[in-house]
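Read through the structure below, which is laid out as structure tokens, and then see the notes.
Hydrogens, waters and symmetry mates are skipped; everything else that's a heavy atom, side chains included, is used.
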Amino acid sequence: MLKIKKVIVLFFFIISSTFLNAENNTNKKEELLFYIGITMVNPINELAKKFEKTHNCKINILQGGSQDLYDSIKMSKKGDLYLPGSQSYRLNNLKDGLLLDSKLVGFNKLAIIVKKGNPKNIKASLDELTNENLRVVLGNASSGSVGNATKKVLIKYGNYKEALLNSIFLAPDSRNLTKALVNDKADLIVNWYATSFWPTNKEHVDALVLDDEFSKKSELILNLLSFSKNKGLTRQFMDYASSTEGKEVFKKYGFLEDIN
């Protein structure tokens with residue numbers, strides 16, 4: 001009789017444990033890891049919060065310079081999505097086989113960013129970057145998309161070396177570029193136009209739009225990572241972010257919606 005009781009107790013213990021484990025597995029949320037260039041963090045954050053509610057998942061975001069992020073992806077081989085500041089990071093790295101599907105969500109454009117009200121009366125001209133009477137800070141071409149794009153634009157314009165020599169220092173990414181301006185360490189910077197829309201920036205800076213002849217719009221491309229453990233859910237997010245609703249969110253944060 002004692003043995004029977006023990007068997008019954010053990011049976012109910014196994015059933016209870018199985019039920020609890022199944023319940024925990026049911027309640028467990030899928031987790032995604034996104035690598036996002038600093039300039040695009042605000043719209044991705046907004047879209048991620050909405051997506052988490054409708055798909056019962058958790059989205060973790062790593063932010064930084066586009067090249068630094070790709071180096072992290074290459075080293076860790078973990079994560080689901082990569083959004084750099086320009087399409088060049090996809091085109092230049094496709095050979096590695098880490099980037100699969102892609103989706104267009106908007107466009108970036110370089111601008112000269114100055115203090116609110118433009119107290120130095122700086123012109124929307126790349127010639128201002130070689131003005132020795134102005135404190136110029138540029139982006140580092142080896143760490144972030146803004147520095148890389150600036151280098152290409154200035155090489156085309158013909159004053160890259162002169163602008164570098166006139167710069168007081170190089171900033172690693174768009175956030176630190178703006179920080180230099182807000183903290184009065186610079187009179188002008190070259191940064192993504194969208195950064196002037198950031199809630200923390202728009203009261204402190206103005207954007208001087210550059211001529212399209214030299215500063216063309218740069219495509220913002222979502223990239224599915226080859227080692228993603230949840231490709232289906234990631235693709236659903238990519239579809240959502242590239243939808244009309246998703247692009248409206250990008251537009252709200254200063255990203256352009258077409259190339260015309």
Side-chain angles (χ1 to χ4, degrees), residues 37-41 63-72 74 83-93 107-198 201 204-220 254-256:
I38 286 174
T39 311
M40 290 74 67
V41 166
Q63 55 180 293
S66 297
Q67 185 59 52
D68 292 340
L69 288 174
Y70 187 76
D71 291 341
S72 296
K74 204 170 180 180
L83 175 57
S86 75
Q87 186 189 24
S88 63
Y89 289 90
R90 174 177 176 81
L91 298 178
N92 294 338
N93 295 308
F107 295 83
N108 243 340
K109 181 175 173 61
L110 287 178
I112 289 178
I113 310 292
V114 298
K115 294 178 183 177
K116 196 72 176 179
N118 195 9
K120 297 278 186 176
N121 294 314
I122 295 168
K123 300 174 183 178
S125 169
L126 294 172
D127 289 331
E128 296 283 37
L129 302 180
T130 56
N131 186 338
E132 295 179 357
N133 296 316
L134 297 173
R135 296 173 297 165
V136 176
V137 176
L138 298 178
N140 190 328
S142 64
S143 62
S145 62
V146 65
N148 188 41
T150 300
K151 179 180 179 179
K152 292 178 181 178
V153 166
L154 296 184
I155 287 176
K156 182 178 180 180
Y157 192 72
N159 67 346
Y160 179 59
K161 291 182 180 179
E162 292 83 356
L164 279 183
L165 290 172
N166 195 45
S167 301
I168 55 178
F169 65 88
L170 300 179
D173 50 50
S174 60
R175 177 177 291 146
N176 281 284
L177 278 168
T178 305
K179 188 176 179 180
L181 194 64
V182 173
N183 291 345
D184 197 31
K185 293 182 179 180
D187 297 316
L188 79 159
I189 59 175
V190 178
N191 208 347
W192 295 118
Y193 172 72
T195 61
S196 65
F197 283 73
W198 291 6
N201 296 344
H204 304 284
V205 305
D206 283 328
L208 309 179
V209 180
L210 294 167
D211 194 312
D212 284 345
E213 179 183 357
F214 297 103
S215 177
K216 293 183 178 180
K217 295 167 185 175
S218 180
E219 293 184 354
L220 293 175
F255 295 98
L256 307 169

- request: Could you tell me whether the side chain of N92 and the main chain of S88 form a donor-acceptor pair under 3.5 Å?
  value: yes
field: Gap separating the CD1 atom of I189 from the CG atom of L110, nearest 0.5 angstrom
entry: 11.0 Å
message: Can you list everything that forms a side chain to side chain donor-acceptor pair (under 3.5 Å) with S72? Sequence neighbours excluded, please.
response: none
- prompt: Should K120 and V114 count as side-chain neighbours, where that means a heavy-atom distance under 4.5 Å?
  reply: no
- prompt: Would I113 and L177 satisfy side-chain contact (heavy atoms from CB on, under 4.5 Å), going step by step from the backbone distance to the final call?
  reply: CA-CA 9 Å; I113 310 292; L177 278 168; over 6 Å; no
- request: Work out which heavy atom in P84 is nearest to a heavy atom in L220; give both atom names and the distance.
  value: O-CD2, 3.8 Å
Rounded distance (nearest 0.5 Å) linking atom NZ of K185 with atom NZ of K179: 7.0 Å
field: More than 12 heavy atoms of other groups within 6.0 Å of K116 NZ
entry: yes
- prompt: Under the side chain to side chain donor-acceptor pair (under 3.5 Å) test, which residues partner N108, sequence neighbours left out?
  reply: none
query: Hey, are K217 and D212 close enough for a salt bridge, meaning a charged N less than 4.0 Å from a carboxylate O?
result: no
- prompt: What pairs meet the side-chain hydrogen bond (donor to acceptor under 3.5 Å, both in side chains) rule with one or both residues in residues 156-172, with sequence neighbours excluded?
  reply: D127-Y157
task: Heavy atoms only: give me the nearest Y193-G254 pair and the separation to one decimal.
output: CD2-O, 3.5 Å
- request: For the pair N191 and T178, evaluate side-chain contact (heavy atoms from CB on, under 4.5 Å) and give the outcome as yes or no after the intermediate values.
  value: CA-CA 8 Å; N191 208 347; T178 305; 3.1 Å; yes
V146 backbone acceptor or donor facing T150 side chain under 3.5 Å: yes
message: As an exercise, state the distance from CG of L170 to CG of L164, rounded to the nearest 0.5 Å.
response: 6.0 Å
- prompt: How far apart are the C-alpha atoms of K109 and L256, what are their side-chain angles, what is the distance that settles it, and do they pass the side-chain contact (heavy atoms from CB on, under 4.5 Å) test?
  reply: CA-CA 8 Å; K109 181 175 173 61; L256 307 169; 4.0 Å; yes
message: How about NZ on K216, more than 12 heavy atoms from neighbouring residues, nucleotides or ligands closer than 6.0 Å, or not?
response: no
task: Using the salt bridge (charged side-chain N to carboxylate O under 4.0 Å, His left out) rule, collect all pairs that involve residues 130-154, keeping only residues at least two apart or in two chains.
output: R135-D184, R135-D187
message: Is there a side chain to side chain donor-acceptor pair (under 3.5 Å) between T39 and T195? Walk through the geometry before answering.
response: CA-CA 6 Å; T39 311; T195 61; over 6 Å; no
message: With salt bridge (charged side-chain N to carboxylate O under 4.0 Å, His left out) as the rule and sequence neighbours excluded, what pairs involving residues 167-177 come up?
response: none
T130 side chain vs A163 backbone, donor-acceptor pair below 3.5 Å: no
message: Looking at every heavy atom in both S145 and G85, which two are closest together, and how far apart are they?
response: OG-CA, 3.3 Å
- request: State whether the side chain of Q63 and the backbone N or O of I38 hold a donor-acceptor pair below 3.5 Å, judged by distance alone.
  value: no
task: Locate the shortest heavy-atom distance separating L181 from K115; write the atom from each residue and the value.
output: O-CE, 3.7 Å
message: I'd like to check V153 versus L126 (side-chain heavy atoms, cut-off strictly below 4.5 Å). Are they in contact?
response: yes
message: So which atom in I112 and which in S125 form the shortest heavy-atom distance, rounded to 0.1 Å?
response: CD1-O, 3.2 Å
query: Side chains of S86 and N148: is there a donor and an acceptor less than 3.5 Å apart?
result: no
field: Validation row: L129, L154 side chains within 4.5 angstrom (heavy atoms)
entry: yes
- prompt: Side chains of W192 and S218: do they bring a donor and an acceptor to under 3.5 Å?
  reply: no
- prompt: Stepwise, does the side-chain contact (heavy atoms from CB on, under 4.5 Å) test hold for N118 with L208?
  reply: CA-CA 9 Å; N118 195 9; L208 309 179; 4.3 Å; yes
field: Nearest heavy atoms of S215 and L210, plus distance in Å
entry: CB-CB, 3.8 Å
message: List the residues meeting side chain to side chain donor-acceptor pair (under 3.5 Å) with N201, not counting sequence neighbours, and say none if there are none.
response: none
